Amino acid sequence: MRILVVNDDGIHAAGIACLADLAKEFGEVWVVAPMNQCSAMSHKISVHGYMKIQEEKDFPVEGVHAYSVDGTPADCVKAACRVIMEEKPDIVFSGVNNGYNVGYDIAYSGTVGAAMDGLLHGIPAIAYSTKMKSDLANVKKYFSIVTKGILEQEMSLTEIWNVNFPGCQPEETQGILWDRFPAKTEYYLDHVQVDDNEEGKFFKYVNIEECIDETEGSDIHALNHNCISIGMIHSIVH
């Protein structure tokens, strides 16, 4: 199986190195990731000018093909499928994102956007995320179990699998919950600071808080109870 590994945190992020290494269990791994941090870019693509493609010979995982693209996560999927890889990948693994992709935050996620672009190329996809600044221990412990479980299912081209690992240590994990739906809220609750001066009105996001959602069955509820959350996200074109 040819696996395309992509992310939105950039080619040098710890999460993509972790994912590429873990993905080797399942097949031939190709890493194509943004040169720079591209969080919250959703499904954005670059439509003006050239994008540089660079082979990453110092990528910290042996036995994989690694490239960076001076573009967005969705650009990386397009570059992989149309320029870099001689044969189309069989599946897209996107992540491991530094921060949960749950609730309304899914709409902004470059990790999810890259996975969705896989669907547009006729490739099934899985998005993986964990708590911001996690040490990835939970991902390393449960990745194989979770991924095997997903690959045993029928792989749809109308929706992606969305996996979120809680940021706790593996021994604190309370299980794997399937069929989780996105909570009807943002996980990262941001507040706005507004400044007025002679040049106009300006604002920025400040004091981001984490949401505690107790809606039974939601992705946030699962993570708040130290469970791995697995659900499906429908493509907007189906």
Side-chain angles (χ1 to χ4, degrees), residues 1-9 13 15-16 18-20 22-23 26-27 29-34 38-45 72-81 85 88-130 139 142-165 176-184 186-187 217-220 222-223 228-238:
M1 181 165 68
R2 288 181 304 279
I3 304 166
L4 171 59
V5 173
V6 65
N7 75 346
D8 71 0
D9 292 316
I16 198 167
C18 176
L19 181 55
L22 294 169
F26 296 93
V29 176
W30 292 72
V31 175
V32 183
C38 289
S39 292
M41 286 199 174
S42 188
H43 212 140
K44 177 183 177 181
I45 59 171
T72 70
D75 288 329
C76 290
V77 176
K78 295 183 188 302
C81 294
M85 299 177 68
K88 189 170 73 171
D90 298 304
I91 195 165
V92 173
F93 288 178
S94 188
V96 176
N97 192 65
N98 179 30
Y100 294 144
N101 278 307
V102 292
Y104 292 165
D105 297 314
I106 288 169
Y108 305 104
S109 168
T111 302
V112 171
M116 286 295 181
D117 206 79
L119 298 188
L120 300 186
H121 286 83
I123 308 165
I126 308 171
Y128 299 93
S129 306
T130 191
V139 178
Y142 290 102
F143 176 85
S144 181
I145 297 171
V146 167
T147 302
K148 284 178 181 177
I150 291 174
L151 294 178
E152 290 172 355
Q153 312 294 318
E154 182 177 354
M155 299 302 291
S156 172
L157 290 177
T158 64
E159 51 194 358
I160 68 166
W161 290 89
N162 189 37
V163 180
N164 285 270
F165 297 90
I176 301 171
L177 296 180
W178 294 75
D179 300 321
R180 301 301 96 181
F181 57 82
K184 306 306 179 187
E186 297 174 338
Y187 180 78
S218 77
D219 45 17
I220 295 179
L223 293 166
I228 298 168
S229 170
I230 304 176
M232 304 288 283
I233 306 172
H234 294 281
S235 168
I236 62 172
V237 298
H238 290 93

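Worth saying up front: this structure is predicted, and the values here are computed from it rather than measured. The figures that follow rest on heavy atoms only: side chains count, while hydrogens, waters and symmetry mates do not.
S94 and A114 get closest at one heavy-atom pair: OG-CB, 3.8 Å. Taking all atoms of both residues into account, the shortest heavy-atom contact from P73 to G110 is CB-O, 3.5 Å. Closest non-hydrogen pair, S156 versus L119, comes out as O-CD2, 3.9 Å. Across A74 and K44, no two heavy atoms sit closer than the pair CB-O, 3.6 Å. Pairing each heavy atom of A222 with each of L177, the nearest pair is CB-CD1, 3.8 Å. Taking all atoms of both residues into account, the shortest heavy-atom contact from A80 to V32 is CB-CG2, 3.8 Å.
A search for salt bridge (charged side-chain N to carboxylate O under 4.0 Å, His left out) contacts involving K148 returns E25, not counting sequence neighbours. Every residue meeting the side chain to side chain contact (heavy atoms under 4.5 Å, CB included) condition with I145, not counting sequence neighbours, appears here in chain and number order: Y142, I176. Residues passing the side chain to side chain contact (heavy atoms under 4.5 Å, CB included) test with I91 are M1, I3, F93, P124, I126, L151, M155, sequence neighbours excluded. Listed by chain and residue number, nothing satisfies the side-chain hydrogen bond (donor to acceptor under 3.5 Å, both in side chains) test with S42 (two or more places apart in sequence, or in another chain). With sequence neighbours excluded, the residues forming a side-chain hydrogen bond (donor to acceptor under 3.5 Å, both in side chains) with D75 are S46, T72, listed by chain and number. Remark: Y128 pairs with T147 by the side-chain hydrogen bond (donor to acceptor under 3.5 Å, both in side chains) rule, at least two apart or across chains. For N97, the side-chain hydrogen bond (donor to acceptor under 3.5 Å, both in side chains) partners are T111, not counting sequence neighbours. A search for salt bridge (charged side-chain N to carboxylate O under 4.0 Å, His left out) contacts involving D9 returns nothing, not counting sequence neighbours. With sequence neighbours left out, M232 forms a side chain to side chain contact (heavy atoms under 4.5 Å, CB included) with E159, W161.
The list of salt bridge (Lys or Arg N to Asp or Glu O under 4.0 Å) pairs with a residue in residues 111-120, not counting sequence neighbours, reads K78-D117. Within the structure, salt bridge (Lys or Arg N to Asp or Glu O under 4.0 Å) pairs that include any residue of residues 229-238 do not occur (at least two apart or interchain). Within the structure, the ring-ring contact (aromatic ring centres under 6.0 Å, His included) test picks out the following pairs touching residues 100-124 (sequence neighbours left out): Y100-Y187.
Inter-residue side-chain proximity for I230 and V146 is flagged as met; some heavy-atom pair is nearer than 4.5 Å.
One distance of note links CG of L157 with OG of S235; it measures 9.5 Å at 0.5 Å rounding. Rounding to the nearest 0.5 angstrom, the gap separating the CG atom in N98 from the CD1 atom in I16 is 13.0 Å. In this structure, L4 CG and R2 CZ are separated by 11.0 Å, a value rounded to the nearest 0.5 Å. Considering CG of N7 and CG of L19, their distance stands at 8.5 Å, rounded to 0.5 Å. Rounding to the nearest 0.5 Å gives a distance of 5.0 Å between CG of D219 and OG of S229. I123 CD1 to D90 CG: the interatomic distance, rounded to the nearest 0.5 Å, is 8.5 Å.
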Exercise for review: Evaluate the side chain to side chain contact (heavy atoms under 4.5 Å, CB included) criterion for residues I150 and V163: first the C-alpha distance (whole Å), next the side-chain angles of each, then the deciding distance (0.1 Å), finally the verdict.
Suggested key: CA-CA 10 Å; I150 291 174; V163 180; 3.6 Å; yes
Practice item. Apply the test side chain to side chain contact (heavy atoms under 4.5 Å, CB included) to residues I233 and M116: give CA-CA distance (whole Å), side-chain angles for both, the deciding distance (0.1 Å), then the verdict. Key: CA-CA 9 Å; I233 306 172; M116 286 295 181; 3.5 Å; yes
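A distance-only check finds a donor-acceptor pair linking the side chain of N162 to the backbone of N101 [under 3.5 Å].
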